[in-house]
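What follows is a set of notes on a single structure, which appears directly below.
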Amino acid sequence: MMPTMMRRYTLALLLAFGCGGTNPMGGDDVQPPMDGNGSNGGDADTFQPPAGYTKLIGRTWTLAAGQHDIYKCVRIHVPTDTYITSIIAQAPPGTHHTVLSIASSLGGSAGPDGEYDCEVRTLGLNMLYASGVGTSPLDFPTDVGVKIAAGTQIHLNLHLYNASDDTLSGDSGIWVKSQPTAPPMLAEMQFAGPLDLTIPKMSTNYPITSTCTINNSYQLFALWPHMHKHAVHQKIELLRGTAQPVTLHDMPYQFGEQKYWPQSPEIQLQPQDKIRVTCSYDNPTNADINWGDSSDEEMCFGGMYRYPSQGSILFCQN
């Protein structure tokens, strides 16, 4: 692998969305309570996914008082062809982020099935799903799904954080609706955004902009903005030739509500189109803030669910 690609992959592996640290109010960035639709939050005993969901992968964990930025992983082999059409993350308090990927030796996520301690960068190259604090359930469009082939090993990376004075335990995982037969279209997830950034000290609404090039034709059906606690806004645009940019997403950002945003109508992407992501931040501190996996650092990513799947790697390249 060439040095440039190795650097990109190494940085990509940091995308475990690890956002440790305390919030501006002095406490942990805890999950919100579970809502009536069975979305994120709640403890292991009260999580009730909507009807029709089954648990794909998960594990229990325990954190001592004050233990934070801990990564717990689990691997399983999927015995039969599985086509996912809806996803919900079971994320009780203490679960900051989940990253579901295809296990691979590159990145160290392949190995024996079972639970083990891991690192932020222990991920597969092909992303299946990611969630953060307050991520909403994701329903794919009709006749669209994500394929996990029979015999494939999948890998779940959990970033855990306990800011309390008590021992905290939970059961975190991924629940899905699935079907045994292939839908007409298979989808994939990919990210657009910079792998390096600096937000100057004492800055307000400071913009960071990055573009990536689309190499194939796709239908874009959902977006997932991801930044950290200094973020205030994200804008995602489609650039096509000399035409005026088309705004796909333009909203304030809240770290505690990292929602998926369905695109209706879906967006047709063509080869040589560009996706431009602009993130804005407030940095009231006396030190610059750099790119990193902690919530005291920052990221700027626009997650994209699209079809047909091309087997793309984690990032849309510039």
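Values below: every heavy atom of this structure, side chains too, minus hydrogens, waters and symmetry copies.
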(request) Find out if a path of hydrophobic residues (ILVMFWY) with successive side-chain heavy-atom gaps under 4.5 Å connects V78 to L156. (result) yes
(request) Evaluate the criterion side-chain contact (heavy atoms from CB on, under 4.5 Å) for residue pair K147 and S309; output intermediate values, then yes/no. (result) CA-CA 9 Å; K147 180 181 180 179; S309 172; over 6 Å; no
(request) Say whether, by atom type as modelled, one donor and one acceptor occur between the side chain of D113 and the main chain of H77 under 3.5 angstrom. (result) yes
(message) Just by distance, no angles: are the side chains of S86 and D139 close enough, under 3.5 Å, to form a donor-acceptor pair?
(response) yes
(message) Please check this pair: side chain of S136 against backbone of Y260, looking for a donor-acceptor N/O pair closer than 3.5 Å.
(response) yes
(request) Please report the shortest heavy-atom distance between I275 and L269, naming the atom on each side. (result) CD1-CD2, 4.2 Å
(message) Please check: side-chain N/O of Q234 versus main-chain N/O of F301, any donor-acceptor pairing under 3.5 Å?
(response) yes
(message) Distance alone, cut at 3.5 Å: any donor-acceptor contact between the side chains of N162 and H68?
(response) no
(request) May I ask whether M185 and Y305 are part of the same hydrophobic cluster, defined by side-chain heavy atoms of I, L, V, M, F, W, Y residues being less than 4.5 angstrom apart, directly or through others? (result) yes
(message) Could you tell me if the side chain of P245 sits less than 4.5 Å from the side chain of L239, heavy atoms only?
(response) yes
(message) I'd like to know if the side chain of T85 and the backbone of Y83 have a donor-acceptor N/O pair within less than 3.5 Å.
(response) no
(message) Could you tell me if the side chain of C212 sits less than 4.5 Å from the side chain of F315, heavy atoms only?
(response) no
(message) Any non-hydrogen side-chain atom of Q153 less than 4.5 Å from a side-chain atom of I76?
(response) no
(request) Specify the closest pair of heavy atoms between T62 and S169, including all atoms of both residues, with the distance to one decimal. (result) OG1-OG, 3.0 Å
(request) Please check if L220 and L186 belong to a single hydrophobic cluster, counting links between Ile, Leu, Val, Met, Phe, Trp and Tyr side chain heavy atoms closer than 4.5 Å. (result) no
(request) Output yes when a side-chain donor or acceptor of N286 lies under 3.5 Å from a complementary backbone atom of K201, and no otherwise. (result) no
(message) Ignoring hydrogens, what is the shortest heavy-atom contact between Q263 and L248? Give both atom names and the distance.
(response) OE1-O, 3.3 Å
(request) Establish whether V277 and V246 are linked, either directly or via other cluster members, by ILVMFWY side-chain heavy-atom contacts under 4.5 Å. (result) yes
(request) Supply the atom-to-atom distance Y281 OH to M227 CE, rounded to the nearest 0.5 angstrom. (result) 5.5 Å
(request) To the nearest 0.5 Å, tell me how far K229 NZ sits from Q254 CD. (result) 16.0 Å
(request) Output yes when a side-chain donor or acceptor of E188 lies under 3.5 Å from a complementary backbone atom of G311, and no otherwise. (result) yes
(message) Tell me if a side-chain donor or acceptor on R59 pairs with a main-chain N or O of Y116 at a distance below 3.5 Å.
(response) yes
(request) Count the heavy atoms of every other residue, nucleotide or ligand shown that sit under 6.0 Å from NZ of K55, and state whether that count exceeds 12. (result) yes
(message) Looking at every heavy atom in both N157 and C73, which two are closest together, and how far apart are they?
(response) ND2-SG, 3.5 Å
(request) Apply side-chain contact (heavy atoms from CB on, under 4.5 Å) to I84 and L56, showing your working. (result) CA-CA 10 Å; I84 297 171; L56 176 67; 4.1 Å; yes
(message) Go through it in stages, so that I can follow the logic: the residues are Y253 and K235, the test is side-chain contact (heavy atoms from CB on, under 4.5 Å), and I'd like the CA-CA distance, side-chain angles, deciding distance and then a yes or no.
(response) CA-CA 10 Å; Y253 182 83; K235 185 176 185 178; over 6 Å; no
(request) Determine whether the side chains of T198 and N290 contain a donor N or O and an acceptor N or O closer than 3.5 Å. (result) yes
(request) Check whether any side-chain heavy atom of W291 sits under 4.5 Å from a side-chain heavy atom of I208, and report yes or no. (result) no
(request) Classify the angle between the aromatic ring planes of Y71 and H159 as parallel (below 30°), tilted (30 to 60°) or perpendicular (above 60°). (result) parallel
(message) Could you report the tightest heavy-atom contact between L158 and S172, atom names first, then the distance?
(response) CD1-CB, 3.7 Å
(message) Check for me, please, whether F140 and W261 land in the same ILVMFWY cluster - side-chain distances under 4.5 Å, paths through other members count.
(response) no
(request) Measure from the side-chain N and O atoms of D81 to the backbone N and O of P180, and report whether any donor-acceptor pair falls under 3.5 Å. (result) no
(message) Can you confirm whether P200 sits close enough to D288 that some side-chain heavy atom of one is under 4.5 Å from a side-chain heavy atom of the other?
(response) yes
(message) So, taking the atom named OG1 in T211 and the one named NZ in K274, what distance separates them when rounded to the nearest 0.5 Å?
(response) 5.5 Å
(request) Would you tell me whether S109 and T122 have side-chain atoms, one donor and one acceptor, within less than 3.5 Å of each other? (result) no
(message) Please tell me whether H230 and N283 have a donor and an acceptor in their side chains that are separated by less than 3.5 angstrom.
(response) no
(message) Do Q258 and H226 pair up side chain to side chain, a donor and an acceptor below 3.5 Å, judged on atom types alone?
(response) yes
(message) Any side-chain to backbone donor/acceptor pair from W61 onto T95? Under 3.5 Å, distance only.
(response) no
(request) Would you check if Y218 and M304 make a side-chain contact, meaning some heavy-atom pair closer than 4.5 Å? (result) no
(request) Decide yes or no on side-chain contact (heavy atoms from CB on, under 4.5 Å) for H233 and D250, but give the supporting numbers first. (result) CA-CA 8 Å; H233 192 274; D250 188 5; 2.6 Å; yes
(message) On a heavy-atom basis, which atom in Y129 and which in M189 lie closest, and how many Å separate them?
(response) CA-SD, 4.1 Å
(request) Report yes if some heavy atom in the side chain of H228 is under 4.5 Å from a heavy atom in the side chain of M299; otherwise report no. (result) yes
(request) Indicate yes or no for a side-chain donor-acceptor contact from N126 to the backbone of S312 under 3.5 Å, with no hydrogens or angles considered. (result) yes
